[in-house]
Asks: 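This is the structure I have questions about; it appears just below.
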There are 2 protein chains.
Amino acid sequence: MTATATRSTYHHGDLRAALVTAANAMLEEGQPLSLRALARRAGVSPTALYRHFADKEALESALAVQGMRDLFADLTAGRPGRNGTAGPAMPSTRKEVIELGVRYVRFALRRPELFKLMFGRECDVENDERVRAAAALHDHLAAVMAQVFPDANADDLATAGWGLAHGLAFLHLDGKLPKDKPRAVDRRVRAAYAAILPTTN
Amino acid sequence: MTATATRSTYHHGDLRAALVTAANAMLEEGQPLSLRALARRAGVSPTALYRHFADKEALESALAVQGMRDLFADLTAGRPGRNGTAGPAMPSTRKEVIELGVRYVRFALRRPELFKLMFGRECDVENDERVRAAAALHDHLAAVMAQVFPDANADDLATAGWGLAHGLAFLHLDGKLPKDKPRAVDRRVRAAYAAILPTTN
DNA sequence: GTGCTATGTTTGCAGTGTTAACTTCGCACC
DNA sequence: GGTGCGAAGTTAACACTGCAAACATAGCAC
């Protein structure tokens, strides 16, 4: 199947990357992330992993950080440079802010196990890379909000906008809101944002 | 200590209740909920639990259901029968809706492990008691919203209000938003709601 | 008193994360 | 170009987990 190819060399080459790839695959398949199963999948002994990660949490942290990057890219990509700026344009309308929320929830539902790993655990350290990634997300959102709702407190609005997306994502993930087709979920998210978000001017 | 009293009788009397109590205590103390540790704590053999719960998930489900009741009580209690109705009055102002969110987040931060147990797992079955409890919460909130914001779609607004509280709760729990003193958290929650929630005419 | 049955216990299994001691081998160095 | 050193992988073992099967106890109906 995947990378279970029984290698001939004693040393693996790039086990760390292989482990991350295999781990992501396991998450994608909804399997519980067990180090032994992971090692089996990578065709390596159960403890080889410890040469590359301090412990299980370190591995999960690495996965989470990459996940944060993916999420951030997901949120900022797709709308090629409009309104004169270089690179992807920031959302500049209320509608686009709502679509940001839709994308956030979509990401969570598309990669649920990864999303839970990114958020559903307390990241221990204060100056963790994951915390910084979270702060980056918040800052970006605040910049967007400042542009779209110039009269409101952008920071508070960013917290609210993020909180709402995050809550809707988790409520859907855990089956507290009806788990219907993606389209229906999109609609519900849009409706929620539309109902609560201030109207521009 | 707790209920570790080495009993004299072979039969326990009410082991089920004792297990639930002990489990809640362990959650409260932030200890990982292990069946063996739980049994030790109740002064009983490691597998005695299986006479009262099908498996670990059944126990967790029981805890979660009670937690939902507590949360619901927390949200509906405290404001003795105003505006003529029997029983506790429903929130009828924008400010009171915001306080609902504050209470929700407070509950999550006061009993974090229980809260994660209530929400952080997918409840398996479709017609699970937990799902019904969630629906009840949503309905109650919709009724509140209908009263406070008669012009808006109450259902969408309920989804949004719940989603926001839920997201803020989890973001705080997982350290994605600064984990300062309860007062500061209260303020942040209020600010977020105030920034995003429509004003009543 | 005699069984029946609900409740608890003992034993054991398969799985988990993790450490310690050992093996293999790529690569820098004289 | 052999030599050794250290990075990378292995094996064995430990303590822990949830859980099933077989067994022991005792309250309660008859």
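So that the names make sense, note that chain A is the first sequence line, chain B the second, and so on, each numbered from 1. Note that the coordinates shown come from a computational prediction; the quantities given were computed from them, not determined experimentally.
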Asks: Looking at residues at least two apart in the chain, or sitting in another chain, which of them share a side-chain contact (heavy atoms from CB on, under 4.5 Å) with A:R16?
Replies: A:D14, A:H52, A:F53, A:A62
Asks: Looking only at atom types and distance, does a side-chain atom of A:R103 sit under 3.5 Å from a main-chain N or O of A:I98, one as donor and one as acceptor?
Replies: no
Asks: Does the side chain of B:L63 come within less than 4.5 Å of B:L27's, by heavy atoms?
Replies: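 Contact flag for B:L27/B:L63 side chains = yes.
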Asks: Is a donor on one side and an acceptor on the other found under 3.5 Å between the side chain of B:H140 and the backbone of B:A136?
Replies: no
Asks: Base, sugar-phosphate or nothing for B:L38? Non-hydrogen atoms, less than 4.0 Å.
Replies: nothing
Asks: Under 4.0 Å from any atom of DNA chain D, heavy atoms only: list the residues of residues 47-56 of chain B that qualify, in numerical order.
Replies: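 Residues of residues 47-56 of chain B that come under 4.0 Å of DNA chain D are, in numerical order, B:T47, B:Y50, B:R51, B:D55, B:K56.
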Asks: Let me know the distance between CZ of B:R40 and C1' of C:dT9, rounded to the nearest Å.
Replies: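 The distance from CZ of B:R40 to C1' of C:dT9 comes to 16 Å, rounded to the nearest Å.
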Asks: For the pair made of CG in A:L35 and P in D:dC16, what is the distance, rounded to whole Å?
Replies: 18 Å
Asks: Below 4.0 angstrom from OP1 or OP2 of D:dG18, is there any side-chain N or O of B:S34?
Replies: yes
Asks: Using 30° and 60° as the class limits, which term best fits the ring planes of A:F170 and A:F115: parallel, tilted or perpendicular?
Replies: tilted
Asks: How many Å lie between CG on B:L15 and P on C:dT7, as a whole number?
Replies: 10 Å
Asks: Can you list, pair by pair, the side-chain donor-acceptor contacts under 3.5 Å of residues 153-162 of chain B, counting residues two or more places apart and other chains?
Replies:
{"unit_1": "B:N153", "atom_1": "OD1", "unit_2": "B:D155", "atom_2": "N", "d": "3.0"}
{"unit_1": "B:N153", "atom_1": "OD1", "unit_2": "B:D156", "atom_2": "N", "d": "3.2"}
{"unit_1": "B:N153", "atom_1": "ND2", "unit_2": "B:D156", "atom_2": "OD2", "d": "3.1"}
{"unit_1": "B:T159", "atom_1": "OG1", "unit_2": "B:H138", "atom_2": "NE2", "d": "2.9"}
{"unit_1": "B:T159", "atom_1": "OG1", "unit_2": "B:D155", "atom_2": "O", "d": "3.1"}
{"unit_1": "B:W162", "atom_1": "NE1", "unit_2": "B:Y104", "atom_2": "OH", "d": "2.9"}

Asks: Has the side chain of B:R36 got a donor or acceptor atom sitting under 3.5 Å from an opposite partner on the base of D:dG18?
Replies: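 Pair found.
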